[in-house]
Structure formats: structure tokens, C-alpha cells
> 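Below you'll find the structure I mean.
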Amino acid sequence: DNRVEETDTGVQQDDSEDIEFPTHFVSTPRPPLLLWDEDVSDFVELVTCRMVVRVICIDPKSGFFQVRIKCNWSFRTMNGNEDTEIHFRGVPGIRMPGLNMVVEESRIWKDLKSDRELQSENEKKVTRKTIFWRGISTFQADGRKIFYMQNFPFDRQILDLERMEFVWRSQKDDADYYKSMKIVSFEVVTFSMLPEWEAFPAIIKPLNESEPRAPNAANNSSENDNPPTYATKFAVHLRMDHRHSFYVRQIFFVTYLITISSCAPLAMPPGDEHMGDRLSIYGGGMLTLVAFKYGIMDHLPSVPYSTFTDDFLISQICTITFCIFETLVAFRFSDVKNSEAIDAAENWMLVGIITFWTLYLAYVSCLKNGRRMSWKDVVKREALGTHQFENEWLRDPFQPFHALGTQLDSSELGSPEKTPKSTPSKL
């Protein structure tokens with residue numbers, strides 16, 4: 001079955017290959033709308049998190065990216081029947097060792113507002129057993145990664161937020177924490193603030209999900225009566241790709257028109273009376289392409305290797321260069337006897353050039369986007385050089401990097417943490 005994914009702009013794309021990628025986390029059993037109203041320690045202080053990530057900066061040349069994170073929290077605590085909750089202290093926080101993070105705000109409050117739609121006793125926000133809380137936290141984080149731009153503007157990138165650990169802190173700016181946060185529901189919505197980038201649903205994988213408990217047959221308890229599973233650490237990977245339509249209209253189509261217009265002198269007779277006009281048109285077309293290429297440098301990634309767009313533009317320059325040398329050869333070998341044959345050959349050459357570049361533009365406009373690298377291959381490519389790669393190497397520091405890179409598979413991305421058996425140090 002094909003799965004249709006919706007990007008941050010509402011565009012639906014078929015990504016049936018990515019069905020194995022989890023995009024949210026929900027406990028077992030599934031939490032109710034306002035969580036569990038139980039005065040049992042296993043059912044209180046369980047947190048749901050709705051995270052909104054806005055990508056505000058991506059710089060492929062320096063490998064820099066920056067995001068703004070907003071978390072909406074909800075949880076329940078036991079009702080102590082007190083005016084102030086002096087025993088419940090702290091604010092929610094996130095530890096992300098792989099990124100530079102700044103906490104702008106983090107606070108919680110009791111949600112005492114009544115909701116007329118919630119008539120059930122179990123769906124009240126404040127009961128004799130528990131109190132319903134809400135909270136909000138905002139962060140700004142920046143990190144570094146390798147951007148692979150060879151297929152620009154048909155490239156796909158993953159912004160690896162690495163390990164994300166949810167904790168309780170005494171103050172929002174504290175470097176340390178006093179307790180881990182038990183997450184029973186976690187969802188991430190990604191938006192791109194950059195007009196040239198488009199965001200896909202993030203990949204979320206819990207790293208330390210607790211084991212579910214089997215129902216107690218002696219007490220005739222059902223699965224929903226057992227304590228829910230939870231996790232405190234997650235691996236979050238943001239999926240981004242370029243919006244190619246802008247580049248197709250403003251770059252590929254414009255240079256296509258310049259190229260076929262510059263090759264039009266092939267339809268002129270190869271005699272000496274048209275020699276100067278033909279060379280001047282070719283030279284003007286080449287200068288126009290070169291000036292256009294350097295004029296759009298602000299819209300192209302500044303990387304030390306050639307991209308798909310660079311190859312497209314250079315191929316058009318080579319096409320005009322070929323026409324220039326063909327004109328010189330035709331002029332040298334043309335005479336009264338074979339001038340008509342050379343003229344006919346140049347006419348067919350012009351038809352071939354126009355046909356080739358028209359079909360190539362149609363391929364770029366209609367088919368190239370559907371032939372992007374699959375997200376599964378992107379995940380496998382991004383695993384090399386990430387924190388998971390480092391952790392695998394640290395377990396066996398004498399193993400070569402190149403040998404380790406071949407062992408990483410996309411299915412291992414964000415896999416649960418494995419604690420290696422303690423062995424005596426050999427150093």
C-alpha cells in the first residue's frame with residue numbers, strides 16, 4: 001500500500017518506500033485525551049509533547065543549520081488539596097548534546113479552565129485524584145552536518161538532531177537536571193521558514209522505551225489497566241529537500257531559451273558572407289550564458305564540487321562552443337559543390353540540438369523530481385559520520401573507519417541504546 005505524505009506546504013507526495021520510518025511515538029496502552037486520572041504513581045507525571053520545529057537557516061557551504069523549537073506539554077500530578085504546589089518544582093527541558101541550544105522560555109501552569117465538551121468524570125481537568133497541567137517551552141538550536149548537494153536542486157537532506165533527552169530542571173537555564181521526563185506521546189511538526197526548502201514529517205525513534213507489562217490474569221485486569229510504556233530519550237531526524245519548481249522556471253528554462261536561440265545561426269548558409277554574423281551570435285550567446293551563471297550564484301549552493309545545475313549550465317556552454325568550431329570547419333570545407341550538403345547537415349544539426357535540449361528540459365521538469373534519491377538511501381548515507389557512527393567506533397576503537405562505515409544500515413538509525421558489556425581496559 002502506498003502512503004501519501006504531506007509536506008509543510010500541504011503538497012502530497014507518494015512515499016510508499018518510507019512506511020518503515022516512524023513519525024510519532026505513542027505509548028501502549030494509548031493515553032486518553034487528558035491522560036489518566038489515577039492516583040497511582042505509575043499513571044501520574046506522564047507527559048505528552050507536541051513539538052513544532054521551524055528551520056530558519058541552512059548553509060550548505062559551512063555545514064550549518066539552525067532551528068527554533070516550541071514544545072507544548074501536558075501532564076497530570078496527584079491532587080494534594082493545597083493552595084500552592086510547593087512539593088512540585090521544576091520546569092520541563094530538553095538536553096541535546098549534539099547541538100548548541102539556548103533556552104528562551106520554559107514554564108508550566110495548572111489548566112483550571114472548564115471545558116463544556118468534557119462531561120465525563122474521567123475527562124475533567126481537576127478531580128479529587130489529580131490535577132491537569134500544561135506547559136510551553138521554546139528553544140533555539142544550531143548544529144553542523146555535511147550537506148550532499150550533488151543533485152541540487154533535486155537533493156534531499158536530513159538534519160540530525162541526534163539524541164534528544166527530556167528532563168525536569170529546577171530552572172530553565174540549569175545545565176544539570178534532577179529527573180528524567182516520562183514521555184507517553186511525542187509528535188513533531190516541521191516547518192521551513194526558508195522559501196527554497198520544503199519540510200517532510202520527521203523521523204522519530206525512542207531510544208529507551210520501557211517494556212510493556214502483561215495483563216494480570218489473577219486480578220482480571222485488561223491491557224488498558226496496566227501502566228503504560230514510556231521513553232525519555234529519542235532520536236529525531238528532520239527531512240528536508242529543495243523546492244525544484246523555482247529553479248526549473250528561473251534557471252533551466254531561461255538557459256534553455258538562450259541556448260537554442262544562440263544555436264539558431266546553424267540555419268544560415270555556411271558562406272563567407274554570413275561568417276561574421278554567425279560567430280557574433282555564438283559569442284553573444286556564450287557571454288550571456290556565462291554572465292547568467294555568475295549572476296545567479298546567490299541562488300546556487302557554494303560548494304567545491306559540481307552539482308547537477310552546474311553540469312546543466314556547462315553542457316549548454318559546451319553546446320555553443322561546439323557550434324562555433326563547427327562553423328569554422330564548415331567555412332573551410334564549403335565550396336560551390338558541397339555548400340548545399342553542408343547547409344542541409346547544419347539544418348539537421350540544429351533540429352537535433354533543439355530536440356535534445358527540449359527533451360532534456362522535459363525530463364528535468366517532469367521526471368527528475370520523481371527520481372530523487374530514496375529516503376531510505378538518504379538515511380543510510382547520513383549515518384556515516386553521525387553520533388551513531390561515533391558510538392559504534394568507540395565500542396571498538398581499533399576498527400578502521402572505512403570498515404565500520406560499510407556495516408551501518410539504515411535500519412539502525414535511532415535504534416535503542418545498547419549498553420556494551422563491561423570489559424577490562426587494554427590501555
> Would a distance-only check, ignoring hydrogens and angles, find a side-chain to backbone donor-acceptor pair under 3.5 Å from R163 to K233?
no
> Taking the inter-plane angle between the rings of F154 and H244 on a 0 to 90° scale, is it parallel (under 30°), tilted (30 to 60°) or perpendicular (over 60°)?
tilted
> side-chain hydrogen bond (donor to acceptor under 3.5 Å, both in side chains) with S261: which residues, sequence neighbours excluded?
none
> Could you pull out all residues at least two apart from K145 that satisfy salt bridge (Lys or Arg N to Asp or Glu O under 4.0 Å)?
E382
> Decide if atom NZ of K70 counts as having more than 12 heavy atoms of other residues, nucleotides or ligands within a radius under 6.0 Å.
no
> Can you find a pair of side-chain heavy atoms, one from L266 and one from Y282, that are under 4.5 Å apart?
yes
> Decide if atom OH of Y363 counts as having more than 12 heavy atoms of other residues, nucleotides or ligands within a radius under 6.0 Å.
yes
> Please identify each residue that fulfils side-chain contact (heavy atoms from CB on, under 4.5 Å) with S315, with sequence neighbours left out.
W357
> Could you check whether K368 makes a cation-pi contact with F252, meaning its NZ or CZ is under 6.0 Å from the centre of the six-membered ring and within 45° of the ring axis?
no
> Is there side-chain contact between P270 and F331, with at least one heavy-atom pair below 4.5 Å?
no
> Take M286 and I324, measure what side chain to side chain contact (heavy atoms under 4.5 Å, CB included) needs, and give me the verdict at the end.
CA-CA 10 Å; M286 178 172 292; I324 293 176; 4.1 Å; yes
> State whether the side chain of D174 and the backbone N or O of D176 hold a donor-acceptor pair below 3.5 Å, judged by distance alone.
no
> Using modelled atom types only, decide if a donor and an acceptor are shared between the side chain of S280 and the backbone of D277 within a distance under 3.5 Å.
yes
> Check ring pair (Phe, Tyr, Trp, His ring centres under 6.0 Å) between F186 and all other residues, then give those that pass, not counting sequence neighbours.
F166, F234
> Could you walk me through whether V248 and N369 pass the side chain to side chain contact (heavy atoms under 4.5 Å, CB included) check?
CA-CA 11 Å; V248 171; N369 183 50; over 6 Å; no
> Not counting sequence neighbours, which residues clear side-chain hydrogen bond (donor to acceptor under 3.5 Å, both in side chains) with Q150? List them please.
none
> Suppose we screen for side-chain hydrogen bond (donor to acceptor under 3.5 Å, both in side chains). Which residues come up paired with Y247, at least two apart in sequence or across chains?
none
> Taking the side chain from T130 and the backbone from D37, do they hold a donor-acceptor pair closer than 3.5 Å?
no
> Got a sec, which residues hit side-chain contact (heavy atoms from CB on, under 4.5 Å) with S245, two or more places apart in sequence or on another chain?
R249
> Can you check whether T28's main-chain N or O pairs, donor with acceptor, with T229's side chain at less than 3.5 Å?
yes
> Rounded to the nearest 0.5 Å, what's the gap from CD1 on I258 to CG on L287? Could you check?
11.5 Å
> Provide the full list of side chain to side chain donor-acceptor pair (under 3.5 Å) pairs with a residue in residues 341-356, sequence neighbours left out, each pair given once.
R278-E346
> More than 12 non-hydrogen atoms from neighbouring residues, nucleotides or ligands closer than 6.0 Å to OH on Y305, yes or no?
yes
> Who pairs with R372 by salt bridge (Lys or Arg N to Asp or Glu O under 4.0 Å), at least two apart in sequence or on another chain?
D241
> Name all pairs fulfilling the salt bridge (charged side-chain N to carboxylate O under 4.0 Å, His left out) condition that reach into residues 48-62, sequence neighbours left out, sorted by first residue then second.
R50-E187
> What is the distance from atom CD1 of I183 to atom CZ of F75, rounded to the nearest 0.5 Å?
10.5 Å
> So, for F21 and H237, is the gap between ring centers shorter than 6.0 Å?
no
> Mind checking salt bridge (Lys or Arg N to Asp or Glu O under 4.0 Å) for E105 and listing every partner two or more places apart, or none if nothing turns up?
R107
> Under the side chain to side chain contact (heavy atoms under 4.5 Å, CB included) rule, what do I58 and V55 come out as? Steps first, then yes or no, please.
CA-CA 8 Å; I58 293 179; V55 182; 3.8 Å; yes
> Looking at residues at least two apart in the chain, or sitting in another chain, which of them share a side-chain hydrogen bond (donor to acceptor under 3.5 Å, both in side chains) with N100?
D142
> Would you tell me whether T307 and D310 have side-chain atoms, one donor and one acceptor, within less than 3.5 Å of each other?
yes
> Would you check if the distance from the ring center of F65 to the ring center of W197 is below 6.0 Å?
no
